[in-house]
Amino acid sequence: MTGWVAIVGLGPGRESLVTPEVRDVLANATDVIGYIPYVARVVPRKGLTLHPSDNRVELDRATHALTLAQSGARVVIVSSGDPGVFAMASAVFEALEGAPEFSIVEITVHPGITAMLAAAAAAGAPLGHDFCAINLSDNLKPWEIVEHRLRLAARADFAMAFYNPRSKSRLHQFTRTLDVLREECGTERLITFARAVSTPDEALVTVTLGEARAEMADMRTVVLVGNSATRRVGKYVYTPRSAS
Ligand code: SAH
């Protein structure tokens, strides 16, 4: 009998932000596949095999899941946040496209709370008007594309959320990002660095682009940049819905 593959998002960290639907899917699984820190968030139980991997090749992980399901396993692939936001869901469909024999496997996707929405809620409502999300990692796309999109998004006056802003092996890209933003938005624009949102390490800081420093971001940070109308009210940051 063929099993199934469920691709789930575990949310940004806090247990209460895991949806009941994702909990139900996990309760019915025989196997859990994913990156080590995400699999570590799943409570072990009898009958459940955990397959933590540090394999960065998402396509391999997806193929592994589909292969297990083909022989009867009920496989959950875990991502942090939402599985469709810079995460595993696309990789599974890409694997399916390349291997039609997997089309007998039932695949479902179960949303989670993505980092930018948890960060925006913690800050107030900085994404309250039109916004976009950009992955600043140039591991899977050339930096020129990242910079082009970011410049046009700034010109279009979108509020922006940046994922994967800065890692030990990608230091100059975020420095460049801040330079482009200052060129396009000036130095008074608000920028929020939201680190480890909804975990015990949570830290949020909002500054102007003039005050922003690249070192304020790391791989546990999602960065939110306001549009031209974004402002502070008390300790909150918000973007009015009437912004032009
Ligand atoms: N699928 C995930 C994103 C994976 S990419 C989601 O929907 O949230 C990994 C990036 O997500 C990190 O580099 C960081 O920018 C962001 N991120 C994930 N969890 C976070 C958290 N709790 N707080 C702040 N940023 C987070």
Side-chain angles (χ1 to χ4, degrees), residues 1-15 17-118 133-142 145-146 163-164 167-170 198-199 219-220 222:
M1 207 183 83
T2 310
W4 45 254
V5 169
I7 312 160
V8 310
L10 295 175
R14 192 157 64 227
E15 203 43 42
L17 296 183
V18 180
T19 68
E21 181 171 299
V22 166
R23 275 180 224 284
D24 284 352
V25 171
L26 281 167
N28 286 311
T30 57
D31 296 82
V32 173
I33 289 183
Y35 182 45
I36 297 165
Y38 308 152
V39 174
R41 288 174 55 189
V42 177
V43 183
R45 62 171 162 78
K46 205 166 169 279
L48 183 67
T49 309
L50 302 178
H51 305 267
S53 77
D54 63 0
N55 182 0
R56 283 164 157 247
V57 184
E58 295 184 336
L59 218 51
D60 290 351
R61 212 182 272 146
T63 306
H64 182 202
L66 289 164
T67 307
L68 286 174
Q70 209 180 20
S71 48
R74 301 189 297 276
V75 187
V76 176
I77 303 179
V78 289
S79 289
S80 72
D82 181 90
V85 179
F86 313 131
M88 281 302 297
S90 294
V92 175
F93 294 112
E94 205 177 322
L96 180 67
E97 202 172 42
E101 67 271 20
F102 289 133
S103 56
I104 52 164
V105 175
E106 175 71 18
I107 300 170
T108 55
V109 185
H110 305 267
I113 296 176
T114 188
M116 68 177 172
L117 299 185
I134 302 178
N135 182 353
L136 290 186
S137 167
D138 55 356
N139 290 341
L140 298 173
K141 60 189 170 186
I145 290 186
V146 180
Y163 286 74
N164 295 309
S167 74
K168 290 193 185 79
S169 58
R170 286 186 297 105
S198 88
T199 80
M219 279 304 276
R220 294 187 75 192
V222 65

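Heavy-atom basis, side chains included; hydrogens, waters and symmetry copies ignored.
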Listing, residues 100-111 side-chain donor-acceptor contacts under 3.5 Å, not counting sequence neighbours, or none:
from, atom 1, to, atom 2, distance (Å)
Ser103, OG, Pro100, O, 2.7
Thr108, OG1, His110, NE2, 2.8
His110, ND1, Glu21, OE2, 2.7

side-chain contact (heavy atoms from CB on, under 4.5 Å) assessment of Trp4 paired with Val25: CA-CA 11 Å; Trp4 45 254; Val25 171; 4.3 Å; yes
Measuring from atom [atom1] of [X] to atom [atom2] of [Y], what distance do you get when rounded to the nearest 0.5 angstrom?
X     : Y     : atom1 : atom2 : answer
Thr63 : Leu96 : OG1   : CG    : 10.0 Å
Thr19 : Asp82 : OG1   : CG    : 10.0 Å
Ile36 : Arg41 : CD1   : CZ    : 15.0 Å
His64 : Arg61 : NE2   : CZ    : 11.0 Å
Ile77 : Tyr38 : CD1   : OH    : 14.0 Å
Ser90 : Glu58 : OG    : CD    : 8.5 Å

Minimum-distance pair of heavy atoms, taken over all atoms of Leu68 and Val75: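 Between these two residues, the closest heavy atoms are CB-CG2, 3.8 Å.
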Is there side-chain contact between [X] and [Y], with heavy atoms separated by less than 4.5 Å?
X      : Y      : value
Pro12  : Leu17  : yes
Val18  : Leu26  : no
Arg170 : Asn164 : yes
Ser167 : Met219 : yes

Main-chain N/O of Met116 paired to Tyr163 side chain as donor or acceptor, under 3.5 Å: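 Pair found, side chain donor or acceptor close to backbone of Met116.
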Main-chain N/O of Arg74 paired with Thr30 side-chain donor or acceptor, under 3.5 Å: yes
Candidate list Val39, Val32, Ile33, test side chain to side chain contact (heavy atoms under 4.5 Å, CB included), partner His51, passing option: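 Among the candidates, only Ile33 passes.
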